[in-house]
Amino acid sequence: MSPDQPGALDGRQLFVYYRVALPDLGACALAVRAFQAELQRTHPDLLCALLQRPQSQDVDGQRTLMETYARPGGIDAALEAHIAHAAATALALLVAGPRHVEVFEPCA
């Protein structure tokens with residue numbers, strides 16, 4: 001099922017954003033991609049992405065990153081906890097402040 005098909009990604013999707021100090025940006029991106037790849041090995045239908053705000057929006061030597069997570073049927077509480085644990089383990093020393101989790105659902 002392609003993510004651009006209507007109804008393909010129904011249910012809860014996660015959007016997680018946080019700031020990273022510019023000197024840690026490369027290491028953080030590598031860490032995120034590594035734990036997202038592991039999550040996808042465990043959950044083959046999980047769609048993950050890593051995004052960043054444009055460089056022009058850097059604040060106090062930090063850039064905002066966003067991880068996104070979606071899958072057919074939505075993200076349940078168990079998978080959300082698995083994602084949070086993987087991120088906490090991988091990013092403990094790389095994130096400048098808290099990770100903010102937003103949950104969205106498709107419009108009817």
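We use all heavy atoms of the structure for the numbers below, so side chains are in, but hydrogens, waters and symmetry mates are not.
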Practice prompt. Using the rule that two of Ile, Leu, Val, Met, Phe, Trp, Tyr join whenever any of their side-chain heavy atoms come within less than 4.5 Å, decide whether Leu25 and Leu94 are in one cluster.
Written response: yes

Discussion item. So does Ala49 get a backbone contact from the side chain of Gln36, meaning a donor-acceptor N/O pair under 3.5 Å?
Written reply: yes

Item to complete: Check whether any side-chain heavy atom of Leu91 lies under 4.5 Å from a side-chain heavy atom of Arg99, and answer yes or no.
Response: yes

Discussion item. Hydrophobic cluster membership, with links at side-chain heavy-atom distances under 4.5 Å among I/L/V/M/F/W/Y: are Val16 and Phe104 in one?
Written reply: no

Fill in: Gln57 atom CD, neighbour heavy-atom count above 12 within 6.0 Å
yes

Worksheet item: Is there a donor-acceptor pair under 3.5 Å between the side chain of Asp45 and the backbone N or O of Arg71?
Response: no

Worksheet item: If you group Ile, Leu, Val, Met, Phe, Trp and Tyr by side-chain heavy-atom gaps below 4.5 Å, do Leu39 and Val95 land in one group?
Response: yes

Fill in: Modelled atom types, side-chain donor and acceptor of Tyr18 and Glu67, under 3.5 Å
yes

Item to complete: Evaluate the ring planes of His100 and Tyr17, with Trp represented by its six-membered ring, and classify them as parallel (under 30°), tilted (30 to 60°) or perpendicular (over 60°).
Response: parallel

Practice prompt. Measure from the side-chain N and O atoms of Arg12 to the backbone N and O of Ile75, and report whether any donor-acceptor pair falls under 3.5 Å.
Written response: yes

Discussion item. In the structure I gave you, are the side-chain heavy atoms of Thr42 and His82 within less than 4.5 Å of one another anywhere?
Written reply: yes

Worksheet item: Are any non-hydrogen side-chain atoms of Thr68 and Leu51 less than 4.5 angstrom apart?
Response: yes

Worksheet item: Does any non-hydrogen side-chain atom of Gln13 lie less than 4.5 Å from one of Pro106?
Response: yes

Discussion item. Donor-acceptor pair, distance only, cut-off 3.5 Å: does the side chain of Gln40 make one with the backbone of Leu46?
Written reply: yes

Worksheet item: Cluster question for you: counting only ILVMFWY and a side-chain heavy-atom cut-off of under 4.5 Å, with indirect links fine, are Val20 and Leu50 together?
Response: yes

Worksheet item: Can you tell me how far the CD atom of Gln62 sits from the CZ atom of Arg53, to the nearest 0.5 Å?
Response: 12.0 Å

Response to the item:
Taken to the nearest 0.5 Å, the spacing of Leu14 CG from Cys48 SG works out to 10.0 Å

Worksheet entry | Side-chain (Asp76) to main-chain (Leu79) donor-acceptor, under 3.5 angstrom | yes

Discussion item. When you compare the side chain of Arg63 with that of Arg19, does any pair of heavy atoms fall below 4.5 Å?
Written reply: no

Item to complete: Report whether Val101 and Tyr69 are members of the same hydrophobic cluster (ILVMFWY, side-chain heavy atoms less than 4.5 Å apart, transitive linking).
Response: yes

Discussion item. Please find the pair of heavy atoms, one from Ala96 and one from Ala21, that lie closest to each other, and give the distance.
Written reply: CB-N, 4.3 Å

